[in-house]
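Down below is the structure, laid out as structure tokens.
No hydrogens, no waters, no symmetry mates; every other heavy atom, side chains included, goes into these values.
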Amino acid sequence: MTSKSNDQIVGQELKLKKKKVLDKVIPSTKIKSGTDSTANEQIDLRPQFGATNSADVRLRIFGPNREEYDGNPLRLHSQTLQTSDFFKALLSERWSSNIRPFEIEVTTDQSFENYLKCIEMMYSSTSSLRFSNVDECLAILSVASELLVDKLMQQCMRYLEAVRWNSEEESKIRNLLSSLSLSVLPDLNARLNKQNNNYLEFVRENIKAMLYFLSSCDCADKKQPIIRGAVGKFIVENLQEDESSGIAEMCRHIILEEFKANIEIAVTSNTEKNLADEEHSYFALLWPFTLIERCDGTTMEGALKILCEEMKLAHIIMQPQKHYTASRYTKIMLPILLGCLDALANGKIIAERKLRVGFLTIWLPVMARLLCPNLYFNHISDNDVLKTQLCRGVSNVVETLPFADWRGIYNIWIDCCAKYSIDLRIPFASGCKVLHEHK
């Protein structure tokens, strides 16, 4: 009995000694499967990153202009590098050689930091791979795609599918995936696919609901500016989406539709009784345009077309008996019209000749009248500044027109300045310049 016990003790001591020897030669990690029994313990024999003593590959990394990266050469393990199809192909050319370690040189456009991080991750198990943020994941995915490390590419895409993005990060994800030749995971592809009709319909309904809420909201509500800012940010960000997604065009259509509808409301509500709530009318008409100004030139051009098509409001403001109408819309229409004029003058709106002529023909007299000090409305503190802005804007736009068009607009301009007490120096200077160029 005693002899048997001694044999067991000796056997256990031999096992412990064997394990200590293995730990010194090969760094190991215990992987337990099922039970805590010593018999079921397995030793992970995979090489560890940084274990240079057992390395059998020396890797030198060069930049696109053959600049050598700091840290060369890297001492690595062929067993791990073979998880990359790229390195596997390079190593296969050297198996027949008796020279050790294997010497490998690679040239890359990637940063050394990202390249090294990707190689380090190749040594890790898939379950232990973690990323700090979307940008780090995209950097690793780019290198992993170059090195053809399938397990790492898969884990990168799993991470991207599972975490939150902002609009900038989403754009980066789309751009990188479109530039790489890899099969995108179905779940990630489904999240990126915004051409789905259900998704577009949801966004449409959501934006319309928000706009309706704002139009019916009490202007005295202190929360309205906060809500308006959030809605505006949502629309502007979606207007910056990739055109192929369909979201940008849908948002553009909705905001222009809102702008047109509010102009039509202003036309039908042209009695003093119906315009009692000046503050509400102001935001209902001006607020969509402030969003439009923050959007692209295509959206601004759409607003300009609506204004050129909507001549009824211009006619109402210009009626001699409608002094109160002009006064109420001074603070509404003037910023809108001057905004369009500036956008035409500085090239944000690339409008065809017919549209430029139509806008000035219809709305130049309106802008001049809205700046007229004889109307029955509160004095505009920066009236002279606005008059100068008007004249300089008109001057810049008319210089883009052929002489025949310029002459017609010039006559309207001079007439407006004389009628509404606007300084004639800028129109005359513009006229002299054009005449000098055409003599």
Side-chain angles (χ1 to χ4, degrees), residues 29 31 44-51 55-57 59-64 69 71-72 74-94 102 104-196 242 244-245:
T29 303
I31 302 177
D44 185 355
L45 300 179
R46 291 178 305 177
Q48 303 298 302
F49 182 77
D56 61 347
V57 176
L59 174 65
R60 305 182 73 88
I61 306 173
F62 295 89
Y69 287 106
N72 277 344
L74 297 178
R75 298 181 182 277
L76 305 170
H77 304 81
S78 58
Q79 179 183 340
T80 299
L81 292 183
Q82 286 186 84
T83 60
S84 155
D85 288 347
F86 173 78
F87 283 125
K88 187 176 182 179
L90 292 178
L91 288 168
S92 66
E93 301 170 0
R94 294 164 172 78
F102 298 116
I104 297 178
E105 291 186 0
V106 295
T107 302
T108 181
D109 291 331
Q110 308 284 350
S111 74
F112 177 69
E113 180 184 0
N114 292 334
Y115 208 93
L116 182 61
K117 194 178 295 184
C118 181
I119 290 176
E120 185 176 354
M121 286 185 172
M122 289 168 60
Y123 280 82
S124 304
S125 63
T126 303
S127 60
S128 65
L129 290 174
R130 295 292 183 271
F131 304 98
S132 301
N133 50 51
V134 169
D135 285 339
E136 182 191 38
C137 181
L138 291 175
I140 297 301
L141 177 57
S142 179
V143 182
S145 175
E146 182 177 310
L147 299 181
L148 302 175
V149 188
D150 186 67
K151 74 163 187 177
L152 195 46
M153 289 189 287
Q154 297 292 317
Q155 188 64 11
C156 286
M157 288 189 284
R158 277 194 286 269
Y159 172 85
L160 292 174
E161 188 277 325
V163 299
R164 294 175 59 198
W165 317 321
N166 58 36
S167 57
E168 182 181 354
E169 289 170 337
E170 181 174 349
S171 179
K172 289 179 181 179
I173 293 170
R174 289 181 180 279
N175 291 338
L176 180 63
L177 291 178
S178 65
S179 68
L180 301 178
S181 299
L182 52 83
S183 179
V184 180
L185 291 181
D187 287 346
L188 178 58
N189 193 51
R191 185 173 170 187
L192 289 167
N193 182 17
K194 293 185 177 180
Q195 291 183 324
N196 184 284
D242 182 4
S244 63
S245 70

Backbone of [Y] reached by a side-chain donor or acceptor of [X] within 3.5 Å:
X: Trp165; Y: Leu160; answer: yes
X: Asn189; Y: Val184; answer: no
X: Glu169; Y: Asn166; answer: yes

Here the salt bridge (charged side-chain N to carboxylate O under 4.0 Å, His left out) pairs for residues 123-141, sequence neighbours left out, are Lys117-Glu136, Asp135-Lys172
Only counting residues at least two apart or in another chain, list the ones meeting side chain to side chain contact (heavy atoms under 4.5 Å, CB included) with [X].
X: Ala139; result: Asn114
X: Val106; result: Leu59, Ile61, Phe86, Phe87, Leu90, Ile104, Tyr115
X: Arg60; result: Phe62, Glu68, Asn72, Pro73, Glu105
X: Leu185; result: Gln154, Met157, Arg158, Leu188

Flag side-chain contact, heavy atom, 4.5 Å: Ile119 against Thr80
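SC-SC contact between Ile119 and Thr80 ruled out.
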Side-chain contact test, heavy atoms from C-beta onward, threshold under 4.5 Å: evaluate it for Val57 versus Arg75 and give yes or no.
no
Taking ring-ring contact (aromatic ring centres under 6.0 Å, His included) as the test, write out the residues that go with Tyr69, two or more places apart.
Phe112
What residues form a side-chain hydrogen bond (donor to acceptor under 3.5 Å, both in side chains) with [X], not counting sequence neighbours?
X: Ser125; result: Ser127, Ser128
X: Thr108; result: Glu146
X: Ser142; result: Gln110

For Glu113, what residues pass the salt bridge (charged side-chain N to carboxylate O under 4.0 Å, His left out) criterion, not counting sequence neighbours?
none
May I have all residue pairs that pass ring-ring contact (aromatic ring centres under 6.0 Å, His included) and include part of residues 120-141, sequence neighbours excluded?
Phe49-Tyr123, His77-Tyr123, Phe131-Tyr159
